[in-house]
K.L.:
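Please see the structure below; I have some questions.
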There are 2 protein chains.
Amino acid sequence: MWKPRGVDRTSVILQQLRSDGTRITAARRALVTALVDADGHHVTADDLVETVHRSIPAVHRSTVYRTLEALEQAGVVEHVHLGHGRAVYHLSDDRHHHLVCERCGAVVEVPEAVVAPLREQLAVGYGFVVNGRHFALPGVCRACAALIPAD
Amino acid sequence: MWKPRGVDRTSVILQQLRSDGTRITAARRALVTALVDADGHHVTADDLVETVHRSIPAVHRSTVYRTLEALEQAGVVEHVHLGHGRAVYHLSDDRHHHLVCERCGAVVEVPEAVVAPLREQLAVGYGFVVNGRHFALPGVCRACAALIPAD
DNA sequence: ATAATTGCAAAGTCTTTGCAGTTTG
DNA sequence: CAAACTGCAAAGACTTTGCAATTAT
């Protein structure tokens with residue numbers, strides 16, 4: 001299976017943005033690169049700011065937020081809330097979900113396929129189309145369950 | 001677990017708290033009542049503040065937050081984040097989940113049973129115990145799906 | 001009595017916004 | 001060049017915290 005290199009994917013995305021009329025700036029290039037490099041891992045806006053700063057320290061937090069919003073509107077990026085306020089961002093084509101441990105904060109990633117049956121049942125029974133890309137379920141991870149057997 | 005008949009739910013909960021060593025105050029009584037009255041509906045901290053104020057206007061927001069924290073520690077209350085920051089609170093024995101429409105904000109409630117199979121699969125396959133009580137899935141509700149067929 | 005609880009005000013976190021200057025296409 | 005984008009600073013939503021006064025047990 002062929003896996004596109006980070007640079008390739010970045011330019012594909014930038015290309016797509018440009019064709020939408022959005023302008024490509026150094027900040028945006030850096031942010032998209034940061035998202036591509038994150039590659040399926042959950043990153044907060046803060047993480048992204050930090051990463052972007054490694055190449056362009058001048059980029060302001062607000063620019064990151066605004067660009068994320070633009071990317072989201074363009075359908076390139078999505079975000080979920082992993083409890084307690086802060087959101088995590090990811091490219092739209094990373095199809096997996098999050099199990100967030102309420103005790104230690106660990107994040108377990110689960111492929112889409114596992115969730116597909118529930119998705120179908122909700123669609124049929126409730127007319128509700130679960131976000132195809134990404135969501136988070138709270139719970140207790142294996143390690144914590146082992147440490148604290150009963151609640 | 002025993003379900004109260006003649007005795008109202010509020011006093012049962014307050015009783016339980018008192019036996020935990022927590023002190024019962026007017027503010028706490030009002031808050032528990034507000035939670036009981038919400039009865040399975042999603043309420044934000046703000047909703048609760050407002051409700052509590054209807055009987056005791058003097059109760060401060062911070063008291064509500066602190067009491068909610070205490071109630072959560074006592075296992076009486078839990079909260080979930082329905083996207084974008086604000087959390088919703090509910091009594092721990094209300095077993096249902098939320099489907100939150102990303103377009104109109106509607107919240108569809110789904111009984112635990114629907115989710116049970118996924119829960120089991122995640123437990124077996126990932127050692128992850130999904131929160132037994134409450135979580136939220138983002139998506140698009142029936143009405144919005146009808147309005148905006150394709151994305 | 002005495003430790004828990006409260007109100008208040010202030011701070012903290014995460015995110016958004018108005019504006020004037022800069023850059024892209 | 002015009003429209004889009006940016007940094008900055010300030011505000012906004014939601015929640016937490018330090019403290020002295022109050023209150024339940």
Side-chain angles (χ1 to χ4, degrees), chain A residues 11 14-32 34 42-53 55-74 76-89 100 105 136, chain B residues 11 13-32 34 42-53 55-74 76-89 105 136:
Chain A
S11 13
L14 290 173
Q15 181 74 275
Q16 178 189 330
L17 286 178
R18 196 160 29 219
S19 72
D20 283 359
T22 356
R23 291 181 182 177
I24 305 307
T25 65
R28 291 181 169 198
R29 222 183 297 274
L31 179 55
V32 171
H42 58 294
V43 281
T44 63
D46 222 57
D47 294 334
L48 290 167
V49 169
E50 203 181 316
T51 304
V52 166
H53 276 185
S55 50
I56 318 176
V59 174
H60 197 271
R61 313 177 59 72
S62 63
T63 299
V64 169
Y65 278 109
R66 275 188 285 223
T67 303
L68 283 170
E69 197 188 351
L71 292 175
E72 221 160 342
Q73 280 214 327
V76 169
V77 154
E78 293 180 24
H79 77 275
V80 225
H81 294 271
L82 298 186
H84 206 74
R86 60 205 182 291
V88 299
Y89 295 82
V100 185
Chain B
S11 13
I13 291 172
L14 290 173
Q15 181 73 272
Q16 177 189 331
L17 286 178
R18 195 161 26 217
S19 71
D20 282 0
T22 1
R23 291 179 183 178
I24 305 307
T25 65
R28 290 181 171 196
R29 220 183 299 273
L31 179 55
V32 171
H42 57 295
V43 281
T44 63
D46 223 56
D47 294 333
L48 291 167
V49 168
E50 202 181 316
T51 304
V52 167
H53 276 185
S55 50
I56 317 175
V59 174
H60 197 271
R61 314 178 59 72
S62 62
T63 299
V64 169
Y65 278 107
R66 276 189 284 225
T67 303
L68 283 170
E69 198 189 350
L71 291 176
E72 222 159 343
Q73 281 214 326
V76 169
V77 154
E78 294 180 23
H79 77 276
V80 226
H81 294 272
L82 299 186
H84 205 73
R86 60 205 179 291
V88 299
Y89 296 81

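Bear in mind the structure is a predicted one, so any value in this text is a computation, not a measurement. In what follows, every chain begins at residue 1, and chains take the letters A, B, ... in the order their sequences are listed.
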K.L.:
Please confirm whether the shortest side-chain N or O distance from B/Arg28 to OP1 or OP2 of C/dT6 is below 4.0 Å.
P.N.:
yes
K.L.:
Report the residue (B/Arg61 or A/Thr67) whose heavy-atom-nearest nucleotide on DNA chain D is the more 5′ of the two.
P.N.:
A/Thr67
K.L.:
How long is the line joining CD1 of A/Ile56 and P of D/dT6, in whole Å?
P.N.:
10 Å
K.L.:
Name all residues meeting the side-chain hydrogen bond (donor to acceptor under 3.5 Å, both in side chains) criterion together with A/Arg66; count only those two or more places apart in sequence or in a different chain, and write none if there are none.
P.N.:
A/Ser62
K.L.:
With sequence neighbours excluded, what pairs up with A/Glu72 under the side-chain hydrogen bond (donor to acceptor under 3.5 Å, both in side chains) test?
P.N.:
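By the side-chain hydrogen bond (donor to acceptor under 3.5 Å, both in side chains) rule, A/Glu72 matches A/His79.
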K.L.:
Take atom CG of A/Leu31 and atom P of D/dT6, then tell me their distance rounded to the nearest Å.
P.N.:
10 Å
K.L.:
Using the closest heavy atom to pick a nucleotide of DNA chain D for each, name whichever of A/Gly21 or B/Thr44 lands nearer the 5' end.
P.N.:
A/Gly21
K.L.:
Taking salt bridge (charged side-chain N to carboxylate O under 4.0 Å, His left out) as the test, write out the residues that go with A/Asp20, two or more places apart.
P.N.:
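Listed in chain order: nothing, the list is empty.
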K.L.:
Using the test side-chain contact (heavy atoms from CB on, under 4.5 Å), find all partners of A/Ala70 that sit at least two apart in sequence or belong to another chain.
P.N.:
A/Arg28
K.L.:
Please state how far atom NE2 in B/His79 lies from atom C1' in D/dC14, giving the value in whole angstrom units.
P.N.:
12 Å
K.L.:
Output all residues satisfying side-chain hydrogen bond (donor to acceptor under 3.5 Å, both in side chains) with A/Thr44, sequence neighbours left out; order by chain, then residue number.
P.N.:
A/Asp47
K.L.:
Output all residues satisfying salt bridge (charged side-chain N to carboxylate O under 4.0 Å, His left out) with B/Arg23, sequence neighbours left out; order by chain, then residue number.
P.N.:
none
K.L.:
In whole angstrom, give the distance that lies between atom CG of A/Asp47 and atom P of C/dC14.
P.N.:
11 Å
K.L.:
Scan A/Val49, A/Leu71, A/Val77 and name whichever one has a side chain to side chain contact (heavy atoms under 4.5 Å, CB included) with A/Leu31.
P.N.:
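That would be A/Leu71; it is the only one of A/Val49, A/Leu71, A/Val77 passing the side chain to side chain contact (heavy atoms under 4.5 Å, CB included) with A/Leu31.
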K.L.:
Rounded to the Å, how far apart are A/His60 NE2 and C/dG18 P?
P.N.:
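Rounded to the whole Å, the gap is 16 Å.
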K.L.:
Take atom OH of A/Tyr65 and atom P of C/dT15, then tell me their distance rounded to the nearest Å.
P.N.:
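Result: 3 Å.
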K.L.:
Answer with base, sugar-phosphate or nothing: what part of the nucleic acid does B/Ala70 contact at a heavy-atom distance below 4.0 Å?
P.N.:
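Here B/Ala70 touches no strand at all.
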K.L.:
Each nucleotide in nucleotides 18-25 of chain D should get exactly one letter: B, S or -. Can you fill that in based on protein heavy atoms under 4.0 Å?
P.N.:
BB----BS
K.L.:
Rounded to the nearest 0.5 Å, what separates atom CD1 in B/Ile24 from atom CG in B/Leu14?
P.N.:
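Reported value, rounded in 0.5 Å steps: 5.0 Å.
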K.L.:
Just how far, in rounded Å, is C1' of C/dT15 from CG of A/Leu68?
P.N.:
11 Å
K.L.:
Note down the inter-axis angle between the two ends of the helix from C/dA1-D/dT25 to C/dG25-D/dC1, five pairs each, to the nearest 10°.
P.N.:
30°
K.L.:
Between atom CD in A/Glu69 and atom P in C/dT17, what is the gap in whole Å?
P.N.:
7 Å
K.L.:
Can you list the residues that meet the side-chain hydrogen bond (donor to acceptor under 3.5 Å, both in side chains) rule with A/His53, with sequence neighbours excluded?
P.N.:
none
